[in-house]
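Take a look at the structure set out below.
On a predicted model such as this, the values are computed, not experimentally measured, just so you know.
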Amino acid sequence: MEKSNRQDKFLQLRDEFPFFTYEGYDFSYSAHGLDIRYYFNLADRYKFSPTIFIPHKEFFIPEKDLMDLLPNLVFHLGLIELISYWKSACSKQLIIKPHSISQEQVAWWKKCWFNGLGEFFFLNSISTDIDQFMEVVVDSEEPLSPLHCSFKPDVIVPIGGGKDSIVSLETLRKLPGVTPLILNPRGASVHSIFMAGFAHSGMIGINRTIDPLLLQLNDQGFLNGHTPFSALLAFVTILSAALSGKRNIALSNESSANETTIPGSPVNHQYSKTFEFEQDFRDYVHKWISTEINYFSLLRPLNELQIARIFYRFPKYFSVFKSCNVGSKTDSWCGKCPKCLFTYIILAPFLNPDQLTEIFHRDLLNDIDLAPTLDQLTGFAPEKPFECVGTISEVNAALQETIKKFGDKPLPVLLRYYASSPTSESSSFHELLESWNPQNFLLPQFEELLKGALHG
């Protein structure tokens, strides 16, 4: 999405649609699975009813033990789901009707929504702040109690189909009770769990549908842009943990996600993958949902280069993994976007050119049309791409190491372009490979497994 000036549209829509209401939710649990439907209302003019469906699995806990837990979990998932619909008009007032939440919770949610919409506000050139962007009105006196139930020490591993979640799954898959989870299953994510030796019956699948009315409003000129998808995934995993009675949720967010997309500003495409969000989310879950659930990122101590080094030891996944958003519907690498180029670069120090070409079906380092994208990734442009990519320092270290690998051989055109550019500062490639970020929530057994994977 290109940057545009929609401040006037923002102000117009806020006046035209002054309130947005979280009216309620329905759910039913049967032998088929858990069906959830939400009800959102844009100023009594438009109604949205998005759905979530989680097919039943044999390892889910009995219905009699589950029904009292669901209102809390389903309601909270709705609080993150609603932001995709609220942003269409950015109503001044958000009214929450299903249950009451405290002012401390309201403050937590405003931070989550505002920071998660940082890219949306930036690319639409919307001027607002955390105090002014929304007033939250709680129109309910029905509180929710935290969950009290027993969880097994099993591990849920969300799988997106990229290298990061594959590294997590490979690191943990021999533990008893490891369960892959996929939100809206697609080729790469499903093939990854099959390649790891898991059957469909042993995974949790979640099917999320967007109300088509939202897409129609987007076409009509309502506001559109990035929302904190990983925050949605976080609440989906909490619900899945309760359904399956599994205590641990191991995400695959690395330390590199902490670097902002716009240098010198808080705007970060990956906000809900940061350590700050992880810490905030853990605190929220333990206060208002359950002290029994352990949400953490297994890869938080690592950077993207370390993850790439672990991943290259699993060549069976080379033909399977995908993390290109442009090619997600066709389960392919588009070869033209920042995510493709970043993934190519971060793997280049470890894989030979033939392996990279076989994965991406082209030699991205010989595509000079990618030079502007390279400038974004290396810090020569004023901002990084709005994608889940590594730090500027990591990209430069990877490129400099790749140039060394070529020795006296001719460099691909993109590496020649990079080599002729002003020298970029970067951390030492080998220092990055040996680093360990202490800001993490790994329990000792998970830390031991990750260090074992890191050192091969």
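- Note that CG of Asn248 is 10.5 Å distant from CD1 of Ile293, once rounded to the nearest 0.5 Å.
- Of the inter-residue distances, the one linking Asn253 atom CG with Phe296 atom CZ reads 11.5 Å to the nearest 0.5 angstrom.
- Side chains of Ser252 and Leu298 form no contact here, defined as non-hydrogen atoms less than 4.5 Å apart.
- Judged by distance alone, with hydrogens and angles left aside, the side-chain atoms of Glu394 form a donor-acceptor pair with the main-chain N or O of Thr391 at under 3.5 Å.
- A distance-only check finds no donor-acceptor pair linking the side chain of Ser4 to the backbone of Arg6 [under 3.5 Å].
- In this structure the side chain of Leu181 never reaches within 4.5 angstrom of the side chain of Ile159, judged on heavy atoms.
- Between Phe133 and Phe114, the ring planes lie tilted relative to each other; the angle falls in the 30° to 60° range.
- Of all heavy-atom pairs spanning Ser88 and Leu42, the tightest one is OG-CD2, 3.9 Å.
- The distance between the ring centers of Phe441 and Phe275 falls below 6.0 angstrom.
- Atom CD of Gln306 sits about 10.5 Å away from atom CD1 of Ile346, to the nearest 0.5 Å.
- Comment: Arg247 does not engage Asp154 in a salt bridge, judged by the lack of any side-chain N to carboxylate O separation of less than 4.0 angstrom.
- Checked against the 6.0 Å centroid threshold, Trp109 and Phe235 count as a close aromatic pair.
- Listed for the Ser265 side chain is a donor-acceptor partner under 3.5 Å among the backbone atoms of Val267.
- Between Tyr284 and His76, the ring-plane angle classifies as perpendicular under the 30° and 60° cut-offs.
- Using a 4.0 Å cut-off between a side-chain N of Lys or Arg and a carboxylate O of Asp or Glu, Glu292 and Lys246 do not qualify as a salt bridge.
- Between Asp363 and Leu356 the shortest side-chain heavy-atom distance does not fall below 4.5 Å.
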Donor-acceptor pairs under 3.5 Å, side chain of residues 316-324 to any protein atom, not counting sequence neighbours: which ones?
unit_1: Lys316; atom_1: NZ; unit_2: Met195; atom_2: O; d: 3.3
unit_1: Tyr317; atom_1: OH; unit_2: Glu170; atom_2: OE2; d: 2.5
unit_1: Lys322; atom_1: NZ; unit_2: Ser319; atom_2: O; d: 3.3

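- Not a single donor-acceptor pair under 3.5 Å links the side chain of Thr357 to the backbone N or O of Asp354.
- The number of heavy-atom neighbours closer than 6.0 Å to NE2 of His56, taken from other residues, nucleotides and ligands shown, is above 12.
- A salt bridge is absent between Lys3 and Glu383: the closest approach of a Lys/Arg side-chain nitrogen to an acidic carboxylate oxygen does not fall below 4.0 angstrom.
- Distance alone, capped at 3.5 Å, places no donor-acceptor pair between the Thr291 side chain and the Lys287 backbone.
- Residues Leu183 and Thr237 are not in side-chain contact: their nearest non-hydrogen atoms beyond the backbone lie 4.5 Å or more apart.
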Could you go step by step and tell me if Asn396 and Tyr418 meet the side-chain hydrogen bond (donor to acceptor under 3.5 Å, both in side chains) rule? CA-CA 9 Å; Asn396 282 293; Tyr418 173 77; 2.7 Å; yes
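- Side chain of Asp211 to main chain of Ser49: a donor-acceptor pair is present (N/O by atom type, distance under 3.5 Å, no hydrogens or angles).
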Using side-chain contact (heavy atoms from CB on, under 4.5 Å), reason through Asp367 and Leu370 one step at a time and then give a plain yes or no. CA-CA 6 Å; Asp367 186 350; Leu370 290 172; 3.9 Å; yes
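- Side-chain contact between Ser201 and Phe59: absent, with no pair of heavy atoms (C-beta onward) separated by less than 4.5 Å.
- For Gln7 (side chain) and Ser127 (main-chain N/O), a donor-acceptor pair under 3.5 Å exists by modelled atom type.
- Under a 3.5 Å cut-off, the side chain of Ser230 and the backbone N or O of Leu233 do not form any donor-acceptor pair.
- Proximity of Arg14 to Met134: side-chain heavy atoms (C-beta onward) are nowhere separated by under 4.5 Å.
- Nearest heavy-atom pair, Leu13 versus Leu223, reported as atom, atom and distance to 0.1 Å: CD1-CG, 3.7 Å.
- Gly205 and Pro55 make their closest contact through O-CD, 3.0 Å (heavy atoms, listed as atom of the first residue, atom of the second, distance).
- In this structure, Leu414 and Leu364 approach most closely via the heavy-atom pair CD2-O, 3.6 Å.
- Proximity of the aromatic rings of Phe20 and Tyr85 is defined here by a centroid distance below 6.0 angstrom, and this criterion is not met.
- Note that CD1 of Ile310 and CG of Leu299 are 7.0 Å apart. Values are rounded to the nearest 0.5 Å.
- Between Lys273 and Glu254 there is no salt bridge, since no side-chain nitrogen of the basic residue lies less than 4.0 Å from a carboxylate oxygen of the acidic one.
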For Glu387 and Asn325, run side-chain hydrogen bond (donor to acceptor under 3.5 Å, both in side chains): C-alpha distance rounded to whole Å, both residues' side-chain angles, the deciding distance at 0.1 Å, then the answer. CA-CA 9 Å; Glu387 290 274 6; Asn325 294 321; 3.0 Å; yes
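- Crowding of Glu448 atom CD: a count of heavy atoms from other residues, nucleotides or ligands under 6.0 Å not exceeding 12.
- Within the model, atoms CG of Leu351 and CD1 of Ile359 stand 5.0 Å from one another, a figure rounded to the nearest 0.5 Å.
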Residue pair Phe350, Phe311: steps toward the side-chain contact (heavy atoms from CB on, under 4.5 Å) verdict: CA-CA 9 Å; Phe350 309 104; Phe311 177 74; over 6 Å; no
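- No close placement of the Phe10 and Phe120 rings is indicated, their centers lying 6.0 Å or farther apart.
- Glu276 places a side-chain heavy atom less than 4.5 Å from the side chain of Tyr271.
- Judged purely by atom type and a 3.5 angstrom limit, Ser189 has no side-chain atom pairing as donor or acceptor with the backbone of Pro185.
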Could you give the side-chain donor-acceptor pairs of residues 449-456 under 3.5 Å, partners two or more places apart or in another chain?
unit_1: Lys451; atom_1: NZ; unit_2: Glu447; atom_2: OE2; d: 3.0

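- Taking the six-membered ring for Trp and thresholds of 30 and 60 degrees, Phe17 and Phe222 have ring planes inclined between 30 and 60 degrees apart.
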Take Lys111 and Asp280 through the test salt bridge (Lys or Arg N to Asp or Glu O under 4.0 Å) and record every step on the way to the result. CA-CA 10 Å; Lys111 179 184 179 182; Asp280 287 351; 2.7 Å; yes
For Thr274 and Phe277: C-alpha separation, side-chain torsions, deciding distance, then whether side-chain contact (heavy atoms from CB on, under 4.5 Å) applies. CA-CA 5 Å; Thr274 63; Phe277 174 80; 3.7 Å; yes
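- Taking a cutoff of 4.0 Å between a charged side-chain nitrogen and a carboxylate oxygen, Asp131 and Lys110 do not qualify as a salt bridge.
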Worked check of side-chain contact (heavy atoms from CB on, under 4.5 Å) between Ile182 and Ile204: CA-CA 6 Å; Ile182 303 176; Ile204 299 173; over 6 Å; no
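- Under the 3.5 Å distance criterion, the side-chain polar atoms of His226 are matched with a main-chain donor or acceptor of His269.
- Annotation: Phe40 is not in aromatic contact with Phe48 [ring centroid separation under 6.0 Å not met].
- Two residues are said to be in side-chain contact when any heavy atoms from C-beta on lie closer than 4.5 Å; Trp108 and Trp113 fail this criterion.
- Asn303 contributes atom CG, which lies 9.0 Å from atom CG of Asn437 (distance to the nearest 0.5 angstrom).
- Contact between Ser168 and Leu251 at its shortest, heavy atoms only, is OG-O, 3.9 Å.
- Considering all non-hydrogen atoms of both residues, Ser192 and Ile166 come closest at OG-CD1, 3.6 Å.
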